[in-house]
Amino acid sequence: MSDMRHKVKGVDHVAYPTFDPAGTVEFYRDVLGFPVVHSICAAGWGPEKHPDFIHFFFDIGNDDRLAFFYYFGLEPFEGGPQGDSYSRFAEDVPIFFIRSRHLAIHVDSEDDLMEYRGRLDRSSWPVEMQIQHETIESIYTHDPNGYMIEITRAMRSVTPQEDLDANLTIDALIDVVRGQDPSMANLLVRKAELILERAEGASVR
């Protein structure tokens with residue numbers, strides 16, 4: 001019998017989909033004052049024809065984060081965002097099953113992560129994915145209710161430069177979703193423009 005003492009250190013993040021990223025940022029960052037601390041630009045992830053997406057995080061204190069996914073070109077199905085939901089990406093593309101809503105719990109080390117992997121793999125709910133993405137490594141499964149669970153460990157600390165990059169990404173995202181053609185390509189172009197604008201503004205001062 002393995003040592004069953006808790007090795008988890010609480011909530012790392014809870015994640016939801018958003019179909020209104022500009023309003024989401026305004027509400028959580030500008031109204032509630034939760035800073036944007038990380039973002040992932042995911043182009044070409046997932047199965048074939050999976051939409052590009054932005055995954056962004058707000059700091060809500062005590063090393064806990066609130067995260068959202070925004071999928072380019074994905075429209076909410078009737079009834080609004082429900083987390084795990086069907087939605088049509090485009091007329092010539094099959095319906096995607098988007099799984100965004102999940103709870104992520106963090107542990108201190110790779111050894112702790114692998115211990116939980118062992119517990120799960122010996123159970124009726126084995127690990128379905130193990131992924132290293134940017135600053136963290138995570139294992140994923142679904143609980144008996146069908147809810148996605150992530151257990152994650154930090155591979156390194158997030159740098160102040162990455163915090164700055166996350167905020168540039170989110171500002172660019174807000175600009176492009178308010179335009180006529182929101183896409184990952186247009187987000188990257190707008191982000192480059194913001195970098196130049198802010199660099200020129202800093203040099204004037």
Q.
For a quick test of reading the model, state the closest non-hydrogen atom pair linking Ala166 to Ser39 and the distance between them.
A. CA-OG, 3.3 Å

Q. Shortest non-hydrogen contact from Gly33 to Pro35?
A. O-CD, 3.3 Å

Q) Do Arg198 and Asp171 come close enough that some side-chain heavy atom pair is under 4.5 Å? A) yes

Q) Among Thr152, Val127, Val107, which residue meets the side chain to side chain contact (heavy atoms under 4.5 Å, CB included) test with Ile139? A) Val127

Q. Does the side chain of Ser138 come within less than 4.5 Å of Ile131's, by heavy atoms?
A. no

Q. How are the rings of His102 and Tyr140 set to each other: parallel, tilted or perpendicular (split at 30° and 60°)?
A. perpendicular

Q.
Within this structure, what is the CG-CD distance for the pair Asn186 and Gln180, rounded to the nearest 0.5 Å?
A. 11.0 Å

(Q) Just verifying a value: how many Å separate Asp121 CG and Met114 CE, rounded to the nearest 0.5 Å? (A) 9.0 Å

Q.
If hydrophobic clusters are built by linking Ile, Leu, Val, Met, Phe, Trp and Tyr wherever their side-chain heavy atoms come under 4.5 Å apart, do Ile174 and Phe27 end up in the same one?
A. yes

Q.
Between Met148 and Glu128, does the side chain to side chain contact (heavy atoms under 4.5 Å, CB included) criterion hold? Intermediate values first, please.
A. CA-CA 10 Å; Met148 184 183 288; Glu128 299 165 19; 6.0 Å; no

Q | From CG (Leu187) to CD1 (Ile54), nearest 0.5 Å | A | 5.0 Å

Q. Does any non-hydrogen side-chain atom of Leu173 lie less than 4.5 Å from one of Phe72?
A. yes

Q | CA sep, side-chain torsions, deciding dist, call: His38, Ile136, side chain to side chain contact (heavy atoms under 4.5 Å, CB included) | A | CA-CA 12 Å; His38 191 50; Ile136 62 174; over 6 Å; no

Q. Does the side chain of Leu113 come within less than 4.5 Å of Glu137's, by heavy atoms?
A. yes

Q. Would a 4.5 Å heavy-atom cut-off, applied to side chains only, mark Val25 and Phe56 as touching?
A. yes

Q) What is the distance from atom CG of Leu168 to atom CZ of Arg190, rounded to the nearest 0.5 Å? A) 10.5 Å

Q: Go through Lys191 and Asp165 one step at a time and tell me if the salt bridge (charged side-chain N to carboxylate O under 4.0 Å, His left out) criterion holds.
A: CA-CA 9 Å; Lys191 183 175 173 181; Asp165 179 77; 2.7 Å; yes

Q | Considering all heavy atoms, the nearest Met184-Phe53 contact | A | CE-O, 3.5 Å

Q: Output every pair passing salt bridge (charged side-chain N to carboxylate O under 4.0 Å, His left out) with a member in residues 54-71, not counting sequence neighbours, ordered by first then second residue.
A: Asp12-Arg65

Q: Measure the shortest side-chain to side-chain distance between Val37 and Val158 over non-hydrogen atoms and say whether it is less than 4.5 angstrom.
A: no

Q | CA sep, side-chain torsions, deciding dist, call: Tyr70, Val177, side chain to side chain contact (heavy atoms under 4.5 Å, CB included) | A | CA-CA 10 Å; Tyr70 174 70; Val177 298; 3.7 Å; yes

Q.
When you group the ILVMFWY residues by side-chain heavy-atom contacts below 4.5 Å and let the links chain together, are Leu194 and Leu188 in the same group?
A. no

Q) Any idea how Tyr16 and Phe68 line up, ring-wise: parallel (<30°), tilted (30 to 60°), or perpendicular (>60°)? A) tilted

Q.
Please check if the number of heavy atoms outside Asp181 that lie under 6.0 Å from its CG is greater than 12.
A. yes

Q: For residues Glu162 and Thr135, determine if any side-chain heavy atom of one lies less than 4.5 Å from a side-chain heavy atom of the other.
A: yes

Q. What are the two closest heavy atoms between Thr169 and Cys41, and how far apart are they?
A. CG2-SG, 3.7 Å

Q: Working to the nearest 0.5 Å, report the span between OG1 of Thr24 and CZ of Phe19.
A: 10.5 Å

Q: Side-chain contact test, heavy atoms from C-beta onward, threshold under 4.5 Å: evaluate it for Val36 versus Phe58 and give yes or no.
A: yes

Q: Please report the C-alpha distance between Glu110 and Arg117 in whole Å, then the side-chain angles of each, then the deciding distance to 0.1 Å, and finally whether the salt bridge (charged side-chain N to carboxylate O under 4.0 Å, His left out) criterion is met.
A: CA-CA 10 Å; Glu110 183 178 11; Arg117 166 143 206 166; over 6 Å; no

Q) So if you build clusters from Ile, Leu, Val, Met, Phe, Trp, Tyr with side-chain heavy-atom gaps below 4.5 Å, do Ile149 and Val8 land together? A) yes

